[in-house]
Q: 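This is the structure I want to talk about, given as structure tokens.
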Amino acid sequence: MTMKLSELTPGVPATVLQVCEQGSPDPIASRLRDLGFVAGEPVSLVAHGPFGAEPLLVQIGFTRFALRRSEAARITIELPGARA
Amino acid sequence: MNSASLITTPLSLALVGVPNCGKTALFNRLTGSRQKVANYAGATVERKEGFFVLPSGRHARVLDLPGAYSLNATSPDEAVTRDVCLGQHPAEQQPDLLLCVADATNLRLHLRFVLELKRLGRPMVLALNMADAAARRGIRIDAQALEAILGIPVIETIAIKKKGAANLIAALDGHLPPAPPKLAEDADLHAETRRILAATVSMPSPTSPVDAAIDRWVLHPVLGLAILAAVMLVVFQSVYAWAGPFSDGIEAGVGLLGELAGEHLPEGLLRSLLVDGVIAGVGGVLVFLPQILILFFFILVLEESGYLPRAAFLLDRFMVGAGLSGRAFIPMLSSFACAIPGIMATRSIPDPRDRFLTILVAPMMTCSARLPVYALLIGAFIPDRAIGGVFNLQGLTLFALYMAGIFGALGVAWVARLLGRRGAEEQALMMEIPAWRLPNPLDVLLGLKERGMIFLRRAGTLILALSVLLWFLATFPTPPADWTRPAIEYSFAGHIGRALAIFFEPIGFSWQICVALIPGLAAREVAVAGLASVYAVAGSGEEETAQLLGAAIANEWSLATAFALLAWYVFAPQCLATLSVVRRETASWRATAVWAALLTGLAYGAAFLTFHITAALT
């Protein structure tokens, strides 16, 4: 099953599929790739902020990043075992 | 190269690495206090350079480049790092050796950047920093294998330990390692990073279990906010409680110096210049040094420990609602003590527009220099009456003034973002939440020294010059012998104040207020002394003077004028020390002029409304 990282339930492990550009060039998308959001990378949601469930605390590789929902929505992911 | 020339030509190094790799700690470890901090010309990016001597006697010059995630720069800081590494920076020579620093506990992110740097084909060394933390977490790194795969020397360092850089210093002493084999331009850096990690590193868990446990509390939606409130309370309590004795000491010292100078110099202009101009002017600003240092101590400790990005995480959504980012929180909060450390703390905001907006609104927070002015006006015009049994009308007025500053700032930020949104790209957060770390005393001390020196240098140069100028305006021309009114009325300041009165008349300011605002430009609280000299009141001590002055203005001013002056004080950018820091931090006179014009306009508008509404109601 594929979805956006912003839709992932906290604590559920997933894998990055790709980062989608919104407009070109999209400096946010290329920065996300530099930070390690690339195909095949394990990713999970750790927590979210107290106001409006923003921002998201995301674990990628050995690092944690705070991403706003609009940033996380650029990242498509897939849940494990869903590869059909 | 023979050994003689090895010793005579200094080695030039540049420290490069991802933010939070411990680069600055390593810089401090290598150079101790032999550091020079300045800004790149025309830019707001800090340039940190240090010096040390290798065991062979060869001198080394090391540049601490701003942290960068990638050479594909997204901020002015990262652009400097990119340009220096590529040898394209107009003011900087390409370094002999890139000293890459990577956090051994965060290699997935950091190694990718090392590979990106390797593409440049420059001689490099990799410092595998925080080797101790990695060992504690059971992370095993085969440094020899890593060295073989990367083709560059890999040296383990512990930047926070005394001998932690000894291996590195030994490795730098001698011939430079040859440039590593260039990576293919189209190589997939992520795939390469994963391959290297798989071959050389074993990692029991992706994050430290201790960190995860702390974060469950600190980032909790309810508990996290409660902890944040508690931390801020402790910080502010300490700033006011601890700074008090030191500020009093400085004030007493300045007073004593003034008296001494007064006794030993003959009556005349030189004495007046030294005592009333230089000593009083610079002293009035120096009094804030203890508060600034204590505040920066806490900011540095919170920053080093990793708490600051977490506070920004908690408050980001709230601040975005007002058009700011979560990172603006600490600068805004610091400004309650003094706008100077607040504006200096905006350095942690990478986006230039976010940063300017924060610099714009931070001075609206009620700084401690406004309190003497508020106290004078509230004491003179607001009756000391209990409201609802618990509150006091005077206290409520003070509270309202604080709130006016806060909501004014949020409102301005909101409007600015609304106007700026057209055609502007999205503001990014993408903020790393680093591992928790115990702050290292050496790093905190060096950081404190650096910021204290910035403030002192300002006080010693620009503020000194401005104090002399203000003294000149308030002293010359000297009145004739038969002049019976206050001397300041006869001076340039008196004339300027009277001329300004035309502009300030619509907001209810008398020419006396305008005259007092001129010396008040040095520091806001000096306006109280300015008013005292305009109204020619002098008590035996500061408190008595304030009482007499309160009685005098209660007689002379309408309530509307008093309220308008309070409204003016909430917004006006009138402290020149702040102005000079804005100039330094924006590196642009144009931005500084825009900043001053916006705040003055806002103060004028607020005072205008306050004056007319109060006048209509009373």
Side-chain angles (χ1 to χ4, degrees), chain A residues 4-6 10-75 80, chain B residues 18 20 68-74 103 105-110 112-113 116 139 188-191 193-194 197 201 203 205-208 211-212 215-216 219-225 228 309-310 312-321 325-326 425-435:
Chain A
K4 290 173 180 170
L5 177 59
S6 52
V12 176
T15 311
V16 175
L17 279 180
Q18 61 168 330
V19 178
C20 304
E21 319 247 328
Q22 284 180 5
S24 72
D26 185 355
I28 294 182
S30 51
R31 175 45 56 101
L32 284 170
R33 286 187 205 109
D34 284 344
L35 295 182
F37 293 91
V38 288
E41 208 66 29
V43 68
S44 68
L45 265 188
V46 182
H48 39 64
F51 302 106
E54 276 251 59
L56 305 168
L57 183 60
V58 177
Q59 172 93 38
I60 181 90
F62 310 147
T63 322
R64 288 171 166 198
F65 287 101
L67 300 185
R68 297 208 178 116
R69 282 189 179 273
S70 58
E71 291 152 13
R74 286 176 167 85
I75 302 162
Chain B
V18 169
N20 306 307
Y69 287 103
S70 156
L71 289 177
N72 188 3
T74 59
D103 174 356
T105 65
N106 200 357
L107 277 179
R108 173 66 184 86
L109 181 69
H110 291 218
R112 193 209 69 86
F113 187 49
E116 195 177 347
I139 301 170
D188 180 346
L189 297 183
H190 287 288
T193 307
R194 274 185 223 157
L197 284 182
V201 179
M203 190 103 167
S205 72
T207 40
S208 141
D211 280 22
D215 279 341
R216 263 195 293 280
L219 298 180
H220 187 273
V222 180
L223 271 174
L225 288 176
L228 178 63
R310 287 168 169 89
F313 172 85
L314 287 171
L315 292 169
D316 186 65
R317 181 67 193 81
F318 175 73
M319 302 292 278
V320 167
S325 98
E425 72 266 34
E426 184 183 343
Q427 301 296 311
L429 179 67
M430 296 190 287
M431 173 178 63
E432 185 178 348
I433 305 290

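Chain naming here is simple, since letters A, B, ... match the order of the sequence lines and numbering starts at 1 in each. On a predicted model such as this, the values are computed, not experimentally measured, just so you know.
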Q: Pick one of side chain, backbone, both or neither for A/A39, based on which atoms fall under 4.5 Å of a heavy atom in chain B.
A: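 Contact with chain B is through the backbone of A/A39 alone.
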Q: Just so I know, are the side chains of B/R108 and A/I60 near enough to count as touching, which here means a heavy-atom distance under 4.5 Å?
A: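 Sidechains of A/I60 and B/R108: no contact.
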Q: Heavy-atom pairs under 4.5 Å with chain B are the metric here; pick the option from A/P50, A/A72, A/G52, A/G49 that has the most.
A: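 Top count of heavy-atom pairs under 4.5 Å with chain B: A/P50.
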Q: Does any backbone or side-chain atom of B/A212 lie under 4.5 Å from a heavy atom of chain A? Answer side chain, backbone, both or neither.
A: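 For B/A212, the contact with chain A is made by backbone and side chain together.
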Q: Could you tell me if the side chain of A/F62 sits less than 4.5 Å from the side chain of B/V201, heavy atoms only?
A: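 No. Closest side-chain heavy atoms not under 4.5 Å.
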Q: For the residue pair B/F313 and A/P55, what are the closest heavy atoms and their distance?
A: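 That would be O-CD, 3.2 Å.
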Q: Are A/R31 and B/M430 packed together at the side-chain level, in the sense that at least one heavy-atom pair is separated by less than 4.5 angstrom?
A: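 In short, these two side chains touch, coming nearer than 4.5 Å.
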Q: Check whether any side-chain heavy atom of B/V320 sits under 4.5 Å from a side-chain heavy atom of A/R68, and report yes or no.
A: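 A side-chain contact under 4.5 Å exists here.
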Q: Please classify the contact of B/L225 with chain A as side chain, backbone, both or neither, using a heavy-atom distance under 4.5 Å.
A: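 Just the side chain, heavy atoms under 4.5 Å.
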Q: Hey, is the main chain of B/L429 close enough, under 3.5 Å, to the side chain of A/E71 for a donor-acceptor pair?
A: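 Checked: pair present.
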Q: Is the shortest heavy-atom distance from the side chain of A/V38 to the side chain of B/R194 under 4.5 Å?
A: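 Yes, at least one pair of side-chain atoms sits under 4.5 Å.
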Q: Need one label for B/T105: side chain, backbone, both or neither, based on atoms under 4.5 Å from any heavy atom in chain A.
A: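 The backbone, not the side chain.
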Q: Would you check if B/L315 and A/F51 make a side-chain contact, meaning some heavy-atom pair closer than 4.5 Å?
A: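 With C-beta onward as the side chain, the pair touches.
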Q: With a 4.5 angstrom heavy-atom cut-off, could you sort out which part of B/L189 is near chain A: side chain, backbone, both or neither?
A: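 For B/L189, there is no contact with chain A at all, as no heavy atom is under 4.5 Å.
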Q: Minimum heavy-atom separation for B/L109 and A/F65, please, with both atom names.
A: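 Heavy atoms of B/L109 and A/F65 come nearest at CD2-CZ, 4.1 Å.
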Q: Taking side chain as everything from C-beta outward and backbone as N, CA, C, O, which of these in A/L57 sits under 4.5 Å from a heavy atom of chain B? Side chain, backbone, both or neither.
A: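 The answer is both parts of A/L57.
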Q: Would you please test B/D215 and A/R64 for salt bridge (Lys or Arg N to Asp or Glu O under 4.0 Å) and show each step?
A: CA-CA 11 Å; B/D215 279 341; A/R64 288 171 166 198; 3.4 Å; yes
Q: Measure the OG1-CD distance between B/T207 and A/Q59 for me, rounded to the nearest 0.5 Å.
A: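 Going from OG1 on B/T207 over to CD on A/Q59, the span is 4.5 Å.
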Q: Report which part of A/E41 has an atom under 4.5 Å of a heavy atom belonging to chain B: side chain, backbone, both, or neither.
A: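 Contact with chain B is through both the backbone and side chain of A/E41.
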Q: Do side-chain atoms of B/R112 reach the backbone of A/D34 as a donor and acceptor pair under 3.5 angstrom?
A: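 Such a contact is found between B/R112 side chain and A/D34 backbone.
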